[in-house]
Amino acid sequence: MDMPNCYILILGGEFSLRERVLAGALRASGGMRIVTMAKNRTVATIKFFDDYIPGDVADPEDVLHAVKDYENKTGATPMAAIPINDFTVRAASLVAEHYGLMGNSRETIHQCRDKLVMKQRLQDAGLPVPRFAAFNTMEELTVCIQEIRLPVVIKPREMAGSLGVIKISCEEEIESSFSRCVADVLSINGEAHAPEDLFLVEEYIPAWQEVSVEVINQGDYHRAIAVTDKYLGAEPNFVEVGHSVPSVHSDNLRLREIAERACHVLGISYGVAHFEARITPSGEIKIIEVGARTGGDTIMDLVERSYGLNPYELHVASHLGRLAPLPDVLPARGLSAVAFIKAAEGVIEKVSLPASLPEYVVNMQVTAKPLDVSKQLVSWKNREGSMEFFWPNRQPEEGFTEHLHITDKYACSLFTVRQV
């Protein structure tokens with residue numbers, strides 16, 4: 001029986017596009033108090049939670065100190081600490097360890113956060129990963145490229161959201177690309193509480209399709225829930241501009257098996273994991289990364305619309321030890337998609353929202369406002385909103401881009417932009 005003065009702590013639930021975590025947590029916990037954390041009271045979404053704890057969700061020590069301070073003030077203790085994005089997994093693990101809660105170990109989190117350690121573990125287990133190497137300086141990068149051969153992709157070892165992920169196609173691009181990668185890392189002013197001088201270079205994998213697989217885990221139980229088709233912006237960046245569920249690869253048993261095995265190898269024992277891979281034209285699968293947390297960019301919402309289950313509910317239930325095995329078959333109810341709104345580059349002078357939307361548009365969120373500067377799309381930070389879609393009884397299609405075209409059309413009418 002739940003103790004009356006316990007609560008579920010959601011770390012990262014106050015961020016946009018993750019709102020359905022509250023519904024999932026309430027269902028999984030049977031109506032327990034759901035508390036989140038934010039730096040201050042100006043975050044609009046905190047009002048939907050039962051309470052909020054002031055703190056920096058990306059700083060593990062600060063989070064633990066804030067939770068202990070909350071206990072001293074209220075007598076309440078967490079029954080679970082639930083990470084929702086990459087920047088909160090270390091803090092959730094530390095809180096779980098301190099209070100003796102169910103959660104992924106600090107070793108597991110390190111193996112998932114540090115992309116070098118992750119690739120080494122996966123490679124040692126015989127799983128398919130691109131050739132890779134670690135570097136700190138441009139001189140080291142140059143040596144690594146001589147071994148791996150161009151083209152390559154460079155990325156920070158502990159960032160997320162495509163920040164600093166850049167393709168290098170020729171030698172002339174090495175210096176400028178590395179400078180951009182470093183600048184991207186520094187642009188968030190240490191908010192990630194992650195190393196700013198550790199990088200990874202990988203073999204570039206030409207892909208017919210990039211996908212993600214959401215895997216629910218509890219102990220030795222690892223089950224792929226859904227496969228998502230991912231849509232990327234123009235190279236040399238790898239910014240996600242949209243997703244759709246189910247994927248045209250949803251029946252790829254080899255893909256699902258690799259995703260489940262990767263979670264086992266990395267020691268992910270609790271919650272939903274977010275597995276990303278590239279599938280080459282010949283059908284070869286190469287693992288890009290595995291996160292010990294739920295997918296972002298509304299992917300959890302797409303899965304819920306298409307399959308009728310809330311992955312956040314499974315995520316929380318696992319951390320409470322209440323996860324029940326899923327049915328062998330999860331039939332899809334339709335096609336879900338999201339596309340991200342991008343304004344033309346320049347100063348946004350006016351935002352004009354549509355008077356109505358067609359029925360297949362589930363939600364539109366416009367995050368830009370007048371006087372914002374719309375910049376080139378180089379990471380998730382440069383998007384101006386999102387549009388979510390659902391088509392009942394529709395099957396996934398190769399070459400599907402309808403959601404992207406509809407969103408681009410709306411973006412042209414949403415913003416009045418003064419180019420500079």
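Counting begins at 1 with the first residue of the sequence. Keep in mind that what you see is a predicted model, and the values were worked out from it rather than measured.
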Novice: Looking at A134 and L116, what are the two nearest heavy atoms and their distance?
Specialist: CB-CD2, 3.6 Å
Novice: Answer yes or no: does atom CG of D220 have more than 12 heavy-atom neighbours from other residues, nucleotides or ligands under 6.0 Å?
Specialist: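 No, the 6.0 Å shell around CG holds no more than 12 heavy atoms from other groups.
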Novice: Can you tell me how far apart OG1 (T36) and CD (E14) are? Round to the nearest 0.5 Å.
Specialist: 4.5 Å
Novice: Check D301 with R20, please: is the shortest side-chain N to carboxylate O separation under 4.0 Å?
Specialist: no
Novice: Determine, stepwise, if the pair S187 / K381 fulfils side-chain hydrogen bond (donor to acceptor under 3.5 Å, both in side chains).
Specialist: CA-CA 10 Å; S187 70; K381 295 165 56 180; 3.1 Å; yes
Novice: Spell out, as yes or no, whether a donor-acceptor pair under 3.5 Å connects the side chain of N136 to the backbone of D197.
Specialist: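 Present.
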Novice: Give me the one residue out of K155, R131, R149 that meets salt bridge (charged side-chain N to carboxylate O under 4.0 Å, His left out) with E202.
Specialist: K155
Novice: Look at the side chain of T407 and the backbone N and O of L404, then say whether any donor-acceptor pair between them is shorter than 3.5 Å.
Specialist: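 Between the backbone of L404 and the side chain of T407 there is no qualifying donor-acceptor contact (under 3.5 Å).
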Novice: Return the CZ to CD1 distance between R256 and I285, rounded to the nearest 0.5 Å.
Specialist: 11.5 Å
Novice: With a 6.0 Å cut-off (strictly less than), is the heavy-atom count around CG of D251, excluding the residue itself, greater than 12?
Specialist: no
Novice: Output yes when a side-chain donor or acceptor of E257 lies under 3.5 Å from a complementary backbone atom of L253, and no otherwise.
Specialist: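 No.
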Novice: How far apart are the C-alpha atoms of S306 and S336, what are their side-chain angles, what is the distance that settles it, and do they pass the side-chain hydrogen bond (donor to acceptor under 3.5 Å, both in side chains) test?
Specialist: CA-CA 6 Å; S306 289; S336 300; 2.9 Å; yes
Novice: Between R293 (side chain only) and V89 (backbone N and O only), is there a donor and an acceptor less than 3.5 Å apart?
Specialist: no
Novice: Work out which heavy atom in E349 is nearest to a heavy atom in P370; give both atom names and the distance.
Specialist: O-CB, 3.7 Å
Novice: With side chains defined as the heavy atoms from C-beta onward, is the minimum distance between D372 and T367 less than 4.5 Å?
Specialist: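 Result no, sub-4.5 Å side-chain heavy-atom pair not found.
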Novice: Using a strict 4.0 Å threshold on nitrogen-to-oxygen distance, state whether E260 and R223 make a salt bridge.
Specialist: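 No, E260 and R223 are not salt-bridged.
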Novice: Between T294 and N85, is the side-chain contact (heavy atoms from CB on, under 4.5 Å) condition met? List the steps.
Specialist: CA-CA 7 Å; T294 51; N85 60 30; over 6 Å; no
Novice: Determine whether more than 12 heavy atoms belonging to other residues, nucleotides or ligands lie under 6.0 Å from atom NE2 of H98.
Specialist: yes
Novice: Only pairs at least two apart or in different chains count here, so list each ring pair (Phe, Tyr, Trp, His ring centres under 6.0 Å) that has a residue in residues 158-201.
Specialist: F135-F178, F135-F199, F178-F199
Novice: Would you tell me whether D297 and H243 have side-chain atoms, one donor and one acceptor, within less than 3.5 Å of each other?
Specialist: yes
Novice: What's the shortest heavy-atom distance between L17 and S386, and which atoms?
Specialist: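 Taking L17 first and S386 second, the nearest heavy atoms are CD2-OG, 3.7 Å.
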Novice: Please report the closest heavy-atom contact between A273 and I268, naming both atoms and the distance.
Specialist: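 Minimum heavy-atom contact is CB-CD1, 3.9 Å.
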Novice: Using every non-hydrogen atom in the two residues, find where V290 and C263 come nearest and quote the distance to one decimal.
Specialist: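 V290 and C263 have their closest heavy atoms at CG1-SG, 4.4 Å.
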Novice: When you measure from the side chain of N217 to the backbone of V215, do you find a donor-acceptor pair of N or O atoms at a distance under 3.5 Å?
Specialist: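 Yes; at least one donor-acceptor contact below 3.5 Å.
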Novice: Mind listing the closest non-hydrogen atom pair of N104 and A292 along with its distance?
Specialist: ND2-CB, 4.2 Å
Novice: Check whether the ring centres of Y70 and Y7 lie less than 6.0 Å apart, and answer yes or no.
Specialist: yes
Novice: Any side-chain heavy atom of V227 sitting closer than 4.5 Å to one from N252?
Specialist: no
Novice: Taking atom CD of E397 as the centre, does the number of heavy atoms from other residues, nucleotides or ligands within less than 6.0 Å exceed 12?
Specialist: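 Yes, the 6.0 Å shell around CD holds more than 12 heavy atoms from other groups.
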Novice: Quick check on E107: does its CD atom have over 12 non-hydrogen neighbours (other residues, nucleotides or ligands) under 6.0 Å away?
Specialist: no
Novice: Is any side-chain heavy atom of P236 closer than 4.5 Å to a side-chain heavy atom of R180?
Specialist: yes
Novice: With a 4.5 Å heavy-atom cut-off, do L320 and I8 have their side chains touching?
Specialist: yes
Novice: Using the side-chain contact (heavy atoms from CB on, under 4.5 Å) criterion, which residues pair with L353? Sequence neighbours excluded.
Specialist: V351, V366, L414
Novice: Just one of N237, I188, V378, V185 clears the side-chain contact (heavy atoms from CB on, under 4.5 Å) bar with L163, so which one?
Specialist: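 Only one of N237, I188, V378, V185 forms a side-chain contact (heavy atoms from CB on, under 4.5 Å) with L163, namely I188.
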Novice: Examine distances only and state if a side-chain atom of Q111 and a backbone atom of L266 form a donor-acceptor pair shorter than 3.5 Å.
Specialist: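 Answer holds: yes.
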Novice: Would you find a donor on one side and an acceptor on the other, under 3.5 Å apart, between the side chain of D408 and the backbone of A411?
Specialist: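 Side chain of D408 to backbone of A411, a donor-acceptor pair under 3.5 Å: no, none is there.
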Novice: Are L198 and E158 side-chain neighbours, meaning at least one heavy-atom pair lies under 4.5 Å?
Specialist: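 With C-beta onward as the side chain, the pair stays apart.
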Novice: Determine, step by step, whether Y231 and Q209 satisfy the side-chain hydrogen bond (donor to acceptor under 3.5 Å, both in side chains) criterion, reporting the C-alpha distance in whole Å, the side-chain angles of both residues, the deciding distance to 0.1 Å, and the verdict.
Specialist: CA-CA 8 Å; Y231 303 81; Q209 183 73 59; 5.7 Å; no
Novice: Ring centres of H315 and Y270 under 6.0 Å apart?
Specialist: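 When the ring centroids of H315 and Y270 are compared, they turn out to be at least 6.0 Å apart.
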Novice: Given the rule in the side-chain hydrogen bond (donor to acceptor under 3.5 Å, both in side chains) test, do K230 and S244 qualify, once you have shown the distances and angles that lead to the verdict?
Specialist: CA-CA 7 Å; K230 309 178 83 65; S244 64; over 6 Å; no
Novice: Classify the angle between the aromatic ring planes of F389 and Y360 as parallel (below 30°), tilted (30 to 60°) or perpendicular (above 60°).
Specialist: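 If you compare the ring of F389 with that of Y360, the planes turn out parallel.
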Novice: Going through the checks in order, is the side-chain contact (heavy atoms from CB on, under 4.5 Å) test met by I82 and L11?
Specialist: CA-CA 6 Å; I82 314 293; L11 296 174; over 6 Å; no
Novice: Determine whether Y52 and M37 satisfy the following criterion, side-chain contact (heavy atoms from CB on, under 4.5 Å), listing intermediate values before the conclusion.
Specialist: CA-CA 5 Å; Y52 109 101; M37 182 173 287; 5.9 Å; no
Novice: Looking just at side-chain N and O atoms, do S176 and S179 make a donor-acceptor pair shorter than 3.5 Å?
Specialist: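 Side-chain D/A pair, S176 to S179: absent.
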Novice: Mark yes or no for whether T228, through its side chain, and V245, through its backbone, hold a donor-acceptor pair below 3.5 Å.
Specialist: no
Novice: Where the side chain of N382 meets the backbone of K375, is there a donor-acceptor pair that is under 3.5 Å apart?
Specialist: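 Flag not set: sc N382 to bb K375 has no pair under 3.5 Å.
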Novice: Would you check if L255 and F275 make a side-chain contact, meaning some heavy-atom pair closer than 4.5 Å?
Specialist: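 They are in side-chain contact.
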Novice: Do P331 and V329 come within less than 4.5 Å of each other through their side chains, counting heavy atoms only?
Specialist: yes
Novice: List the steps and the verdict of salt bridge (Lys or Arg N to Asp or Glu O under 4.0 Å) for E289 and R157.
Specialist: CA-CA 11 Å; E289 61 182 63; R157 276 168 52 180; over 6 Å; no
Novice: Quick check: does any side chain N or O of S318 sit under 3.5 Å from a backbone N or O of G271, one acting as donor and the other as acceptor?
Specialist: yes
Novice: Please report the C-alpha distance between V129 and K286 in whole Å, then the side-chain angles of each, then the deciding distance to 0.1 Å, and finally whether the side-chain contact (heavy atoms from CB on, under 4.5 Å) criterion is met.
Specialist: CA-CA 5 Å; V129 297; K286 291 287 188 180; 5.9 Å; no
Novice: Mind checking the CD1-CG spacing from I154 to L200? Nearest 0.5 Å is all I need.
Specialist: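 Between atom CD1 of I154 and atom CG of L200 there are 10.5 Å.
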Novice: If we only count heavy atoms from C-beta on, is the E240 to L232 side-chain gap below 4.5 Å?
Specialist: yes
Novice: Could you tell me whether R90 and E97 have a side-chain N and a carboxylate O separated by less than 4.0 Å?
Specialist: no
Novice: Consider side-chain contact (heavy atoms from CB on, under 4.5 Å). Of H403, R305, R394, which one does L335 pass it with?
Specialist: R394
